[in-house]
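Residue indices begin at 1 and follow the sequence shown.
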Amino acid sequence: MHLFLLQMASFEWEFIQKSVRQMPPNAVVVLPEYAATPFFLELLSLAPEKIDSHSQARLDQLQLLSAKHQITFSVPLVLLKEQGLLKHIALISPQDTQFYSQQRLVNFEHWGEASFFANPQPTAFKTPPILEIEGIKIAPLFGYELHFDRLWVALQEAGVEVVLVSTASTFESFERWRCVLRSRAFCNSMLVARANRIGMVRENQNIPWRFYGDSLIALPNGNIASSLEGDLGVLHLEVHKAYLQAWAKEWGFRPPN
């Protein structure tokens, strides 16, 4: 299975199309959080209908691209439903589109997603939708959800081998994110692929929020296979089922599928 992480600051349509044209069929492509939509702070000043219209347009573009090139996308979007705005990851395959609703939202004073989005936050975690490509079980997560052990138990019980993580990591969190991504990969014998956004947003035209990139792939042995720096770019890794099974068998943290 060919895995690609696209690192960008916004929805760079020409860059996406050019990148996809060079990918083989059945590839999996991960976009960062708040790349296909404006950043959270920017959403606060927009009408819900405008936010939804923006996401629907991106969804339509990617669905057409997926069908044309036989590519699967994992892309965070914000969609308007009866209960309000919901933060989703759309898993777009040539056959259909599945939606994963974020189960735990950031609830900090400076980053209050929990009071803005209407996502249900169930007491018991639900298993994210699972794709199976070349015999490999794949599931998406939002970056904030990496911190919740019970969600990783659900992934283990479902036999997930590759986790696709979309983030908008910023401030002085570079080393902390590297540590948690490597730890989750190693302790669960899973491959964890993180697509992080780049660029900058200013809060009230004052405090800069700089997104540092460092999109990376953490291997089941806890090592980082490869990473990007802070520029627009693509990270690629060919993932083999036998490799994932071998690591699961060697450490015994997860039964091989």
Kindly check if the number of other-residue, nucleotide or ligand heavy atoms within 6.0 Å of CD (Glu229) is above 12? no

Just checking, any donor-acceptor pair under 3.5 angstrom between side chains of Gln245 and Asn257? no

Using atom types as modelled and distance alone, determine if a side-chain donor or acceptor of Thr37 lies under 3.5 Å from a backbone N or O of Tyr34. no

Which heavy atom of Ala185 sits nearest to which heavy atom of Leu219, and what is that distance? CB-O, 3.3 Å

Cluster overlap Tyr212 with Ile207, hydrophobic side-chain contacts below 4.5 Å: yes

Would you say the side chains of Ser166 and Arg194 form a donor-acceptor pair under 3.5 Å? no

Can you find a pair of side-chain heavy atoms, one from Ile89 and one from Val75, that are under 4.5 Å apart? no

Given side chain to side chain contact (heavy atoms under 4.5 Å, CB included), test Ser19 with Leu6 step by step and report yes or no. CA-CA 9 Å; Ser19 300; Leu6 301 188; 4.3 Å; yes

Out of His88, Lys87, Gln121, which one pairs with Gln102 under the side chain to side chain donor-acceptor pair (under 3.5 Å) rule? Lys87

Kindly give the heavy-atom pair with the smallest separation between Phe73 and Leu31, and that separation in Å. CD2-CD1, 4.2 Å

Which residue, Arg21, Gln17, Gln22, Met23, forms the side-chain contact (heavy atoms from CB on, under 4.5 Å) with His69? Arg21

Group every Ile, Leu, Val, Met, Phe, Trp and Tyr by side-chain heavy-atom contacts under 4.5 Å, then state whether Leu41 and Val106 land in the same group. yes

Within this structure, what is the CG-CG distance for the pair Leu86 and Leu80, rounded to the nearest 0.5 Å? 8.0 Å

I would like to know whether Ser189 and Trp247 meet side-chain hydrogen bond (donor to acceptor under 3.5 Å, both in side chains); could you show each step before the answer? CA-CA 6 Å; Ser189 293; Trp247 279 113; over 6 Å; no

Just checking, any donor-acceptor pair under 3.5 angstrom between side chains of Glu161 and Tyr243? no

Output yes when Glu33 and Arg197 qualify as a salt bridge under the 4.0 Å nitrogen-oxygen rule, no when they do not. no

Here's one to test your reading of the geometry: is the NZ or CZ of Arg176 within 45 degrees of the ring axis of Phe171 and under 6.0 Å from its centre? no

Taking Arg254 for its side chain and Cys187 for its backbone only, find out whether a donor-acceptor pair lies under 3.5 Å. no

Is the shortest side-chain heavy-atom distance between Ile217 and Leu191 below 4.5 Å? yes

Is a side-chain donor or acceptor of Ser55 paired with a backbone partner of Val78 at a separation under 3.5 angstrom? yes

For Gln7 and Asp231, the nearest pair of non-hydrogen atoms, with its separation, is NE2-O, 2.8 Å

Indicate whether any N or O donor in one side chain lies under 3.5 Å from an N or O acceptor in the other, for Trp111 and Glu113. yes

Just by distance, with hydrogens left out, do Tyr144 and Thr167 show a side-chain donor and acceptor under 3.5 Å apart? no

Taking every heavy atom of Ser66 against every heavy atom of Ser93, the minimum-distance pair comes out as OG-C, 3.2 Å

Is there a side chain to side chain contact (heavy atoms under 4.5 Å, CB included) between Ile71 and Leu65? Walk through the geometry before answering. CA-CA 8 Å; Ile71 299 290; Leu65 198 63; over 6 Å; no

OG1 of Thr97 to CG of Leu91, rounded to nearest 0.5 Å, is 8.5 Å

Residue Glu238 excluded, over 12 heavy atoms near CD under 6.0 Å: yes

For the hydrophobic clusters of this structure (ILVMFWY residues joined by side-chain heavy atoms under 4.5 Å, transitively), does one cluster hold both Val163 and Val153? no

For the pair Trp209 and His110, evaluate ring pair (Phe, Tyr, Trp, His ring centres under 6.0 Å) and give the outcome as yes or no after the intermediate values. CA-CA 11 Å; Trp209 292 51; His110 67 291; 5.8 Å; yes

Met200 versus Pro208, closest heavy-atom pair with distance: SD-CB, 3.6 Å

Is NZ or CZ of Arg150 both nearer than 6.0 Å to the six-membered ring centre of Phe125 and within 45° of the ring axis? no

Honestly curious: do Tyr100 and Leu131 fall in one hydrophobic cluster under the side-chain, below-4.5 Å linking rule? no

Nearest-0.5 Å distance, CG of residue Leu151 to CZ of residue Phe142: 12.0 Å

Is it true that a side-chain atom of Glu12 and a backbone atom of Ala9 form a donor plus acceptor pair closer than 3.5 Å? no

Do Ser173 side-chain atoms and Ser169 backbone N/O form a donor-acceptor pair below 3.5 Å? no

A side-chain contact here means heavy atoms from C-beta on lying under 4.5 Å apart; do Asp52 and Lys81 qualify? no

Out of curiosity, does Ile133 fall in the hydrophobic cluster containing Val20 (side-chain heavy atoms, cut-off under 4.5 Å, transitive links)? no

Mind checking whether Phe211 and Phe39 have ring centres under 6.0 Å apart? yes

Spacing of CD1 belonging to Ile92 relative to CD belonging to Gln98, to within rounding of 0.5 Å: 11.5 Å

Mutual orientation of the aromatic rings belonging to Phe4 and His2 [parallel < 30°, tilted 30-60°, perpendicular > 60°]: parallel

Just how far is it from atom CE of Met1 to atom CG of Asn26, taken to the nearest 0.5 Å? 10.5 Å

Would you find a donor on one side and an acceptor on the other, under 3.5 Å apart, between the side chain of Asn223 and the backbone of Ala225? no

Leu3 side chain reached by Val30 side chain, heavy atoms, under 4.5 Å: yes

Measure centre to centre between the rings of Phe15 and Trp13, then say whether the value is under 6.0 Å. no

Is any side-chain heavy atom of Trp152 closer than 4.5 Å to one of Met190? yes

Stepwise, does the side chain to side chain contact (heavy atoms under 4.5 Å, CB included) test hold for Asp214 with Asn196? CA-CA 7 Å; Asp214 194 43; Asn196 191 38; 5.5 Å; no

All heavy atoms of Thr127 vs all of Ala158, minimum pair found to be CG2-CB, 3.8 Å

Strictly distance-based, threshold 3.5 Å: is any side-chain N or O of Arg182 a donor or acceptor partner for the main-chain N or O of Gly222? yes

Roughly how far apart are Leu216 CG and Leu181 CG, rounded to 0.5 Å? 5.5 Å

Dump the intermediate steps for side-chain hydrogen bond (donor to acceptor under 3.5 Å, both in side chains) on Asn119 and Gln103, then the final yes or no. CA-CA 7 Å; Asn119 290 51; Gln103 300 182 72; over 6 Å; no

Tell me, do Leu46 and Ile51 make a side-chain contact under 4.5 Å, heavy atoms counted? yes

Exceeds 12 heavy-atom contacts within 6.0 angstrom, atom CH2 of Trp251: no

Would you mind reporting whether Gln156 and Asn188 have side-chain heavy atoms less than 4.5 Å apart? yes

So do Leu141 and Leu146 actually touch side chain to side chain, heavy atoms under 4.5 Å? yes

